[in-house]
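Just below is one structure, and these are the notes that go with it.
As a basis for the values below, the full set of heavy atoms in this structure was taken, side chains included, without hydrogen atoms, waters or symmetry mates.
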Amino acid sequence: MYDDVAAQKGIRLSMGFDFHEYVSITRVLPTKKPTYPNFRPDRSPIKLGEGYWMKGVDKNNEVALVEAARLYDLPHSNFAEHLQSLKAFYADPTIHAHPRDRCICTAPSAKNITGKVAYHGDFWLRRDFRGQGIPEIMAAILRGVSFSMWAPDFLCGLAARWTLNKGVLAQYGHTHHEAGGSILQLVEEDIVDDDLLVWLTGEELRSLVERITPASWL
């Protein structure tokens with residue numbers, strides 16, 4: 001249903017699993033920030049079946065949106081520890097991290113996010129498609145794909161603070177948010193962030209996916 005709505009808005013969606021291809025797509029998007037290392041295979045390889053990405057193109061076959069997702073398997077750890085150890089960003093921080101790289105996670109609930117954790121991020125939407133409900137469409141599609149592929153214990157992401165002020169978090173269907181999700185500095189990536197933690201439990205994700213939602217607002 002959501003794929004059809006995207007098509008009505010002039011966007012044709014496709015899905016991929018090769019993150020080398022994904023980086024080659026995102027690298028040339030003129031207004032997109034660089035893709036974070038957790039979706040770059042030169043820093044954090046993703047095994048087949050443990051990550052995917054979505055691309056939307058317009059009627060001229062030009063890229064209008066991208067977004068990516070991956071699975072973190074944390075049976076003996078939690079999302080806070082995964083962030084602070086920098087393993088969320090680098091497969092081997094001892095090799096890839098700069099000595100001054102750091103991530104501080106003070107969001108209390110991050111320590112409770114454990115098990116199979118679906119992480120959504122790297123969303124970019126071209127300016128001429130904004131204000132048309134595209135984030136809601138993409139959030140619904142990614143929730144469905146992540147649920148069907150992994151049935152995770154949690155779905156989470158890191159969101160800039162301005163998304164809370166402008167009501168963007170509600171568009172993505174995130175039930176919970178806390179400040180202090182990731183106070184991040186990655187020196188060689190030229191990344192400095194102070195992001196919110198946003199998340200759903202596995203049961204909340206199931207409920208959202210299985211609920212039949214009228215599409216009239218789209």
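A salt bridge is defined here as a Lys NZ or Arg NE, NH1 or NH2 lying under 4.0 Å from an Asp or Glu carboxylate O, and Asp194 with Arg161 meets this definition.
Of all heavy-atom pairs spanning Ala118 and Leu71, the tightest one is N-CD1, 4.1 Å. Pairing each heavy atom of Ser109 with each of Glu178, the nearest pair is OG-OE2, 2.7 Å. Here the closest heavy-atom approach between residue Gly51 and residue Trp150 is recorded as N-CZ2, 3.7 Å. Across all non-hydrogen atoms, the minimal contact from Leu155 to Ser146 is CD1-CB, 4.5 Å. Taking all atoms of both residues into account, the shortest heavy-atom contact from Pro135 to Leu125 is CD-CD2, 4.2 Å. Heavy atoms only, all atoms of each residue included: Cys156 and Val117 are closest at SG-CG1, 3.5 Å.
With a 4.5 Å cut-off on side-chain heavy atoms, Ser77 and Thr114 do not count as touching. By the 4.5 Å heavy-atom criterion applied to side chains, Asp73 and Lys116 are counted as neighbours. For the pair Ile113/Leu197, a side-chain contact is recorded, criterion being any heavy-atom separation below 4.5 Å from C-beta on. Side-chain contact between Lys55 and Val57 is present, with heavy atoms from C-beta onward closer than 4.5 Å. Contact annotation: the side chain of Ile137 approaches that of Lys9 to within less than 4.5 Å [non-hydrogen atoms, C-beta and beyond]. The shortest distance between side-chain heavy atoms of Val66 and Trp53 does not fall below 4.5 Å. At a threshold of 4.5 Å between non-hydrogen side-chain atoms, the residues Leu184 and Asp195 do not count as touching. Asp101 is not listed as a side-chain neighbour of Phe89, based on a closest heavy-atom distance of 4.5 Å or more.
The CD1 atom of Ile134 sits 11.0 Å away from atom CZ of Arg126, with the distance rounded to the nearest 0.5 Å. Rounded to the nearest 0.5 Å, atoms CZ (Arg12) and CG (Asn61) are 5.0 Å apart. In this structure, CZ on Phe79 lies 14.5 Å from NZ on Lys111, to the nearest 0.5 angstrom. To the nearest 0.5 Å, atoms CG (Leu208) and CG (Leu200) are separated by 6.0 Å. Taking CD1 of Ile95 as the start and CZ of Arg43 as the end, the distance is 10.0 Å to the nearest 0.5 Å. Here the CZ atom belonging to Phe147 is positioned 14.5 Å from the CG atom belonging to Leu142, to the nearest 0.5 angstrom.
Here the side chain of Ser207 pairs no donor or acceptor atom with the backbone of Glu203 at under 3.5 angstrom. For the pair Gln185 (side chain) and Arg100 (backbone), a donor-acceptor distance under 3.5 Å is present.
Ring geometry for His120 against Tyr52 counts as perpendicular: the plane angle is over 60°, on a 0 to 90° scale with 30° as the lower cut. Using cut-offs of 30° and 60° for the angle between ring planes, the Phe39 and Phe19 rings count as parallel.
In summary, of the residues considered (Arg70, His96, Lys87), a side-chain hydrogen bond (donor to acceptor under 3.5 Å, both in side chains) with Ser44 occurs for Arg70 alone. Each of Leu186, Ile183, Leu86 was evaluated against Cys103; a single residue qualifies, Leu86, per the side chain to side chain contact (heavy atoms under 4.5 Å, CB included) test.
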Intermediate values then yes/no, side-chain contact (heavy atoms from CB on, under 4.5 Å), Met15 and Leu13
CA-CA 7 Å; Met15 181 175 168; Leu13 297 173; over 6 Å; no
Would Leu65 and Ile11 count as a side-chain contact (heavy atoms from CB on, under 4.5 Å) if you check the C-alpha gap in whole Å, the side-chain angles of each, and the deciding distance to 0.1 Å?
CA-CA 9 Å; Leu65 68 84; Ile11 292 181; 3.7 Å; yes
Under the side-chain contact (heavy atoms from CB on, under 4.5 Å) rule, what do Asp58 and Phe129 come out as? Steps first, then yes or no, please.
CA-CA 10 Å; Asp58 63 15; Phe129 280 97; 4.0 Å; yes
Could you walk me through whether Arg40 and Glu189 satisfy the salt bridge (Lys or Arg N to Asp or Glu O under 4.0 Å) test, starting with their C-alpha distance in whole Å, then the side-chain angles of each, then the deciding distance to 0.1 Å, before giving a yes or no?
CA-CA 12 Å; Arg40 283 174 37 198; Glu189 312 293 337; 2.5 Å; yes
Report the C-alpha distance between His176 and Glu204 in whole Å, list the side-chain angles of each, state the deciding distance to 0.1 Å, and finish with yes or no for side chain to side chain donor-acceptor pair (under 3.5 Å).
CA-CA 10 Å; His176 313 283; Glu204 289 166 340; 2.9 Å; yes
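In this structure, Asp128 places its CG atom where more than 12 heavy-atom neighbours from other residues, nucleotides or ligands lie under 6.0 Å away.
Under the 4.5 Å side-chain contact rule for hydrophobic residues, Ile104 and Leu158 do not share a cluster. Met1 and Val145 end up in the same hydrophobic cluster when Ile, Leu, Val, Met, Phe, Trp and Tyr side chains are linked at under 4.5 Å.
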Please output the side-chain donor-acceptor pairs of residues 22-31 that fall under 3.5 Å, not counting sequence neighbours, one pair per line with the distance.
from  : atom 1 : to     : atom 2 : distance (Å)
Tyr22 : OH     : Asp122 : OD2    : 2.5
Ser24 : OG     : Glu21  : O      : 2.6
Thr26 : OG1    : Tyr22  : O      : 3.3
Thr26 : OG1    : Val23  : O      : 3.3
Thr26 : OG1    : Thr35  : OG1    : 3.0
Thr31 : OG1    : Trp124 : NE1    : 3.0

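Ring centroid separation for the pair Tyr119 and Trp199 does not come in under the 6.0 Å cut-off.
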